[in-house]
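See below for the structure under consideration.
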Amino acid sequence: MKPLYLDNAATTPLHPQALAAMMPYLTDDFHNPSGVYATARRVRKAIDEARASIAAAIGARTDEIYFTGSGTEADNWAIHGTLAANPDKRHIITTQVEHPGIRRTCRALENRGYEVTYLPVDTQGRINPADLQAALRTDTAIVTIIYANNEVGTLQPMAQIAAIMQDHPAPLHTDAVQAVGHVPINVNNLGVDMLALSAHKFGGPKGVGALYLRKGTSIASFIYGGAQERGRRAGTENVAGIIGMATALTLSIEAMPHEQPRVTHLRDTLINEILQKIPHTQLNGAPQDRLPGNINISFRFVEGESLLLHLDMNGCAASTGSACSSGSLEPSHVLMAMGLEHGMANGALRFSLGRCSTEEDIPRLMAILEPAVARLRSMSPLYDDYTKGATNGIQR
Ligand SMILES: *Cc1c(COP(=O)(O)O)cnc(C)c1O
């Protein structure tokens, strides 16, 4: 039987049409797009078209899209590039719930003497725009706020955030890697100056992403070398990757009118199923303002890592949340920021749905999940104490 893949927030399967669109550039049309001959110019033209279609997909102008090697690179560039262009400004504002691409960049900058304000979030993972207003200073160089959280799927009130930034010269960057291709995105409606996206989160290939850079935003070049990406991100283009990314994004946008409600319905069905059939569970994140494919649930009296291993042994792939935090026994910084107590944060699992998820996945997961949770609880001293307390009539 095919493995049950519920980790689409970590990466998505390559769309077959994206692969087909990439193939010529991995074979016959291998020419360097910087060449002057006709075959090279054809490759250049394909890149130009990909740039235009990605721009159109997010409401940007074609010359505002810069290709990068990943979403992480786009995030790094947004921050380092802005700081380099504004050397007198030493303050950064971000949130307590960022992806490591932003979080670790900020931590590294703190070690180099920058000051970072990490805005807190409420129990659903949302920042309070008033906190941003209060944190802004004259030496604030950049504000960077994740649009859709990779662990709990919560969407931030970006338009409200952008309205506050209207009166401040610092650019507003958003890590929208989880959102692009899954919910409608328009950089003008969001009101952001910079936005990071990554191909492999919406059916494109790994190792390619883009930074949207609003015209007039001051940012230093990131990689020095040739004239690629208008000299701002040098290095011969990942041609096939760029074509695959543009194709996958176009397909995702075309499919969104039916995919967004379909996946949202699957999500809500699965959430209800788990909360109803498995006691001592809780949904983490916002019930409505969340990504269509994101489910994050805490199983009390269970270690998330142990549950993951049980699921894996039964052919089901899920995650505890951030790819970078798994392997460490530290509870998720996102869940801790949302105020979960340690045990509930450690018992959290993320199931992320996508294009290939179907109704049949729900009974398949439940058939694996219910006995796995029951088995782990049967071995848990905490659960044992709890049930004994309950039968003795002790209030818990
Ligand atoms: C996956 C992800 C990234 C990193 O993108 P890569 O292309 O894998 O480097 C950044 N931010 C968020 C929110 C993500 O989910």
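Because the structure is a prediction, the values reported are computed rather than measured.
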Can you tell me if [X] uses its side chain to pair, donor with acceptor, with the backbone of [Y] under 3.5 Å?
X	Y	value
Asn296	Glu151	yes
Glu115	Ile92	no
Asp28	Pro24	no
Thr174	Tyr147	yes
Ser298	Thr281	no
Ser221	Ile223	no
Glu229	Phe67	yes
Arg375	Glu370	no
Glu64	Arg61	yes
Thr12	Asn8	no

Take Thr94 and Thr117, measure what side-chain contact (heavy atoms from CB on, under 4.5 Å) needs, and give me the verdict at the end. CA-CA 6 Å; Thr94 186; Thr117 301; over 6 Å; no
Name all pairs fulfilling the side-chain hydrogen bond (donor to acceptor under 3.5 Å, both in side chains) condition that reach into residues 238-261, sequence neighbours left out, sorted by first residue then second. Glu259-Arg262
Supply the atom-to-atom distance [X] [atom1] to [Y] [atom2], rounded to the nearest 0.5 angstrom.
X	Y	atom1	atom2	result
Asp29	Thr27	CG	OG1	6.5 Å
Leu369	Arg364	CG	CZ	13.5 Å
Thr264	Leu353	OG1	CG	9.5 Å
Tyr25	Arg42	OH	CZ	8.0 Å
Leu365	Ile295	CG	CD1	8.0 Å
Ser357	Ile362	OG	CD1	9.0 Å

Enumerate the salt bridge (Lys or Arg N to Asp or Glu O under 4.0 Å) contacts for residues 234-244, please, sequence neighbours excluded, ordered by first and then second residue. Arg44-Glu237
Where do [X] and [Y] come nearest, in terms of heavy atoms and distance?
X	Y	answer
Asn294	Asn150	ND2-O, 4.0 Å
Ala286	Thr154	N-OG1, 3.5 Å
Arg355	Gly203	NH1-CA, 4.0 Å
Pro171	Asp193	CA-OD2, 3.3 Å
Gly59	Asn186	CA-ND2, 3.9 Å
Ala248	Gly204	CB-N, 3.5 Å

If we ignore angles and hydrogens, is there a donor and acceptor under 3.5 Å between the side chains of [X] and [Y]?
X	Y	result
Asn188	Arg214	yes
His99	Asn149	no
Tyr386	Arg300	no
Asn284	Gln282	yes

Verify the cluster assignment for [X] and [Y]: are they in a single hydrophobic cluster under the rule of side-chain heavy atoms below 4.5 Å apart?
X	Y	value
Leu211	Val208	no
Phe30	Met22	no
Ile127	Ile79	no
Leu283	Val373	yes
Leu119	Ile164	yes

Working for side chain to side chain donor-acceptor pair (under 3.5 Å), residues Lys206 and Thr11: CA-CA 8 Å; Lys206 291 162 189 61; Thr11 196; 3.1 Å; yes
Around Met379, counting heavy atoms of other residues, nucleotides and ligands shown, do more than 12 lie under 6.0 Å from its CE? yes
So for atom CZ, which belongs to Arg107, do other residues, nucleotides or ligands contribute more than 12 heavy atoms lying within a distance under 6.0 Å? yes
For Leu132 and Gln160, what are the C-alpha separation, side-chain angles and deciding distance, and is it a side-chain contact (heavy atoms from CB on, under 4.5 Å)? CA-CA 10 Å; Leu132 167 62; Gln160 261 174 282; over 6 Å; no
Between [X] and [Y], is any pair of side-chain heavy atoms under 4.5 Å apart?
X	Y	value
Val334	Val152	yes
Tyr118	Thr95	no
Leu83	Leu109	yes
Asn314	Leu311	no
Trp77	Arg232	yes
Arg103	Cys106	no
His91	Val116	no
Met158	Ile145	yes

Cys316 and side chain to side chain contact (heavy atoms under 4.5 Å, CB included): which single residue from Leu308, Asp361, Leu4 fits? Leu4
Passes side-chain contact (heavy atoms from CB on, under 4.5 Å), Arg350 versus Thr320? Steps please. CA-CA 5 Å; Arg350 178 186 72 189; Thr320 52; over 6 Å; no
Step by step, work out the side-chain contact (heavy atoms from CB on, under 4.5 Å) result for Ile274 and Phe351. CA-CA 11 Å; Ile274 295 173; Phe351 304 101; 4.1 Å; yes
Could you check whether Arg233 makes a cation-pi contact with Phe222, meaning its NZ or CZ is under 6.0 Å from the centre of the six-membered ring and within 45° of the ring axis? no
Under 6.0 Å between the ring centres of His280 and Phe301? yes
